[in-house]
Amino acid sequence: MAKKQFKTESKRLLDLMVNSIYTHKDIFLRELISNASDAIDKLAYKALTDDKVGLDRGDFRILLVPDKAARTLTVSDNGIGMTQEELEQNLGTIARSGSFQFKKEMDQPREDVDIIGQFGVGFYSAFMVADQVTVLSRAYGEDAAHRWTSRGADGYTVEEAQREGPGTDVILHLKPQADGEDYDCFLDPQYLASLVKKHSDYIHYPIRMEMEHSHLKPAPDPKPEDYQPEYETHRAWETLNSMVPLWNRPKKDVTQEEYDQFYKEKFGDWQDPLSYTHVSAEGAVNYKALLYIPAQAPYDYFTRDFQKGLQLYSSGVLIMDKCADLLPEHFRFVRGVVDSPDFSLNISREILQHDRQLKTIAANLEKKIKGELERLLKEDREKYLTFWRAFGPQLKYGVVSDFGQHKELLRDLLLFWSSKEDGPVTLAEYRARMPESQKYVYYVRGESREKAAALPQVERVLDAGFEVLYLTEDIDEFTVQILAQQEDRPFKSVSDPDALPETDAQKEEHERKSEESKPLLDFCKEVLGDRVKEVRLSQILKSAPVCMTTDGPMSFEMERYFEKVEGQAPMKAERVLELNPDAPVFATLQKAREEDEARARDYVEILYAQACLTANLPLEDVAAYTKLVCSLMQ
Ligand code: ADP
């Protein structure tokens, strides 16, 4: 029989697994039981809709068979089984989701974390305790079974075999006792029973093992003088787990560690979740739910492959793996399970989509999730910031999507960078410290906090003592526009000429100056041609001589965003060059125009270039600009 090689990554993982001095090798059992349970879930699901399966819910079980003589431990299930291809695919490769993170982690090994202990490594963990693993499996619907055998890193073989009924036996040939490493314990029924109790108690299929019991034989009556008590032993199959799913246990009986472990195992994350919410609802609909907020986005979160949804159970039986209708789009990062006895087992996808109960549950869960996020925001800012880094944009898209339908729900959860604090702030925090005299919530769009803060048009608002929000993300501006629709103190761009209150005298003064400067402004416009829509006297500058702003609904950032995402902006932002009449160079420009027009033209070019540069806009002709500056210096 030809030996086949593992894929490279699998080999590395195996080496790591086998060679690491691993302190929690016990967990292999949890992993194998969890695989067995998943396999049964799959067949049980089929059985709901297909009479041919021939098994009732009560027939499903997982067996543990320790065999001291053969020095093997077998984990056996009557689940869906694997075909030859599946054996090779599933046990011969590791390019699967759960392991992906692991691979990434291995590329940057960190001494301080126990990599393997962090998350489920599945089937491979068998090699921590076994020097040979045999998997005998028969797929549901097939007559032939197959035997997969491997001694670890050197590869595996697959051959045809016999097995009664569908299912899988994983047979571990335990390593010999060595150097203080105990493997005999995995042949000891008492120890195995304790492991099941500890790690796999909630598995909802019975995990059975044959246990030996000895008890006192009843004494004969009457008791003889020299009566010696006699013991007899008998063996019986026992169910080791309570089968109560975690979400059905009272909250007070479940430890944080159990909640976290359940999450990691179920959803293949290697990190603890940021938080969990355990819901138990009775009333119009009865259900239990366990919701988790992950600490980071899964690797495929921002791809089309990612499917949102919660696992849906009916009284402990899985009926749908990712029920999308239970989660609104803006909370699509949430993972979890919902279990309700009100759903029938035969519920089909189509029916589910229109189910009123489902809608009620979804609406309740949305509130719960919001509540939990609010709690984090209030009580654990650190955690909330971690959440925000991972999923913040999701909430902002939520505000913008569906014509702003969800803005009420989401606005209190949003964070923005601000001129007042090192970290991002909420709108409520901003509002709470607004002075009475402040009519608007000010913002400016910029590529980063630093760049936004350095924009010339920010200066006068900051100098007036007002806080400015720095919108650094593409979505921010749209978010603000949607939110602006019904605020008592509306959002205002600092680039807006009437951003700050003005007296009538100030307005008149501005009009007078504009009128006076008209010939100069016309001259500038003539020099710049179509590059700008207008040249005007600025009302938004304090010390800087020029800046570039926009007229109309398009901003520079929107233009950039559309170019980046669509390859082209639907229209260009209309550029306005603003000159500060109070800056000394304004007088210089004016003088030049009276004395030497060619020089004045050069000055206009330079001011234009500076306005572009401070607005982070590219110069059309960098070489010409450089030459111009040098010629003026000479
Ligand atoms: P994971 O469970 O994280 O996907 P594993 O390495 O534990 O990774 O298992 C790989 C795959 O092998 C599983 O996804 C499943 O398809 C299959 N598998 C493992 N154990 C069994 C089993 N007892 N019965 C059927 N399929 C199994």
Side-chain angles (χ1 to χ4, degrees), residues 6-7 9-14 16-18 27-47 53 55 60-65 73-105 115-116 118-130 133-142 145-150 152 156 158 161 163 165-172 199-200 203 205 207 261-270 298-300 311 318 321-322 335:
F6 287 109
K7 299 265 164 75
E9 297 93 328
S10 316
K11 222 164 174 166
R12 284 173 65 197
L13 179 55
L14 266 171
L16 196 91
M17 189 87 67
V18 175
I27 58 103
F28 83 91
L29 189 62
R30 179 188 79 196
E31 300 293 322
L32 296 183
I33 287 176
S34 156
N35 281 351
S37 168
D38 290 347
I40 296 178
D41 268 345
K42 287 177 195 159
L43 189 56
Y45 183 73
K46 259 203 163 61
V53 174
L55 286 168
F60 291 112
R61 83 288 179 278
I62 298 163
L63 304 180
L64 299 186
V65 185
L73 171 64
T74 301
V75 180
S76 173
D77 67 68
N78 53 353
I80 193 110
M82 285 176 275
T83 62
Q84 173 168 5
E85 290 75 48
E86 284 167 342
L87 276 168
E88 300 202 13
Q89 260 298 312
N90 296 338
L91 310 184
T93 39
I94 188 194
R96 280 165 296 106
S97 59
S99 321
F100 185 88
Q101 277 302 339
F102 185 78
K103 220 182 85 194
K104 281 220 302 235
E105 194 76 356
I115 306 178
I116 296 173
Q118 291 251 342
F119 54 97
V121 283
F123 173 76
Y124 288 86
S125 59
F127 287 98
M128 295 192 303
V129 297
V133 178
T134 304
V135 180
L136 176 61
S137 192
R138 178 168 153 193
Y140 168 74
E142 302 230 327
H146 290 90
R147 182 180 290 110
W148 179 99
T149 307
S150 170
Y156 61 90
V158 187
R163 188 185 191 282
T168 303
D169 307 320
V170 178
I171 303 152
L172 309 175
H199 297 305
S200 312
I203 294 285
Y205 301 105
I207 303 167
Q261 188 56 46
F262 177 82
Y263 164 81
K264 288 191 280 193
E265 230 176 86
K266 185 134 224 127
F267 303 110
D269 197 347
W270 55 275
Y299 75 98
D300 63 348
Q311 275 199 337
L318 182 68
D321 192 34
K322 289 208 169 134
R335 329 281 314 248

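Below, all heavy atoms of this structure are taken into account, side chains as well, without hydrogens, waters or symmetry copies. Read the numbers this way: they start at 1 and go in the same order the structure lists the ligands and their atoms. All figures in this text were calculated on a predicted structure; none of them were measured in a lab.
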Enumerate the atoms of ligand 1 whose separation from the nearest heavy atom of [X] is less than 4.0 angstrom.
X    : result
F123 : 5 (P), 6 (O), 7 (O)
A39  : 22 (C), 24 (N), 25 (C)
M82  : 17 (C), 18 (N), 21 (C), 25 (C), 26 (N), 27 (C)

Of the non-hydrogen atoms in R163 and L136, which two are nearest, and what is the gap between them?
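So the two residues come closest at NE-O, 3.8 Å.
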Would you check whether Y124 has a nitrogen or oxygen atom less than 3.5 angstrom from a nitrogen or oxygen atom of ligand 1?
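It does not: no N or O of Y124 is found under 3.5 Å from an N or O of ligand 1.
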Report the part of D77 in contact with ligand 1, treating N, CA, C, O as backbone and CB onward as side chain, heavy atoms under 4.0 Å; options are side chain, backbone, both, neither.
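Only the side chain of D77 comes within reach of ligand 1.
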Can you tell me if E31 contacts ligand 1 (heavy atom of the residue under 4.0 Å from the ligand)?
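E31 does not count as a contact of ligand 1 under the 4.0 Å cut-off.
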Counting heavy atoms only, which of N35, I40, I62, V170 comes nearest to atom 7 (O) of ligand 1?
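Result: the heavy atom closest to atom 7 (O) of ligand 1 is in N35.
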Got a sec, which residues hit side chain to side chain donor-acceptor pair (under 3.5 Å) with D38, two or more places apart in sequence or on another chain?
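Partners of D38 by the side chain to side chain donor-acceptor pair (under 3.5 Å) criterion come out as none, since no residue qualifies.
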Once you round to the nearest 0.5 Å, how far does CD of E31 lie from CE of M128?
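It is 8.0 Å, given to the nearest 0.5 Å.
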According to ring-ring contact (aromatic ring centres under 6.0 Å, His included), who are the partners of Y140, at least two apart in sequence or on a separate chain?
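Partners of Y140 under the ring-ring contact (aromatic ring centres under 6.0 Å, His included) test: none.
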Can you find a heavy atom in the side chain of L91 that is under 4.5 Å from one in the side chain of Y156?
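Contact flag for L91/Y156 side chains = no.
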Considering the options I33, N35, N78, which one meets the side chain to side chain contact (heavy atoms under 4.5 Å, CB included) requirement together with I62?
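In the set I33, N35, N78, the residue that makes a side chain to side chain contact (heavy atoms under 4.5 Å, CB included) with I62 is I33.
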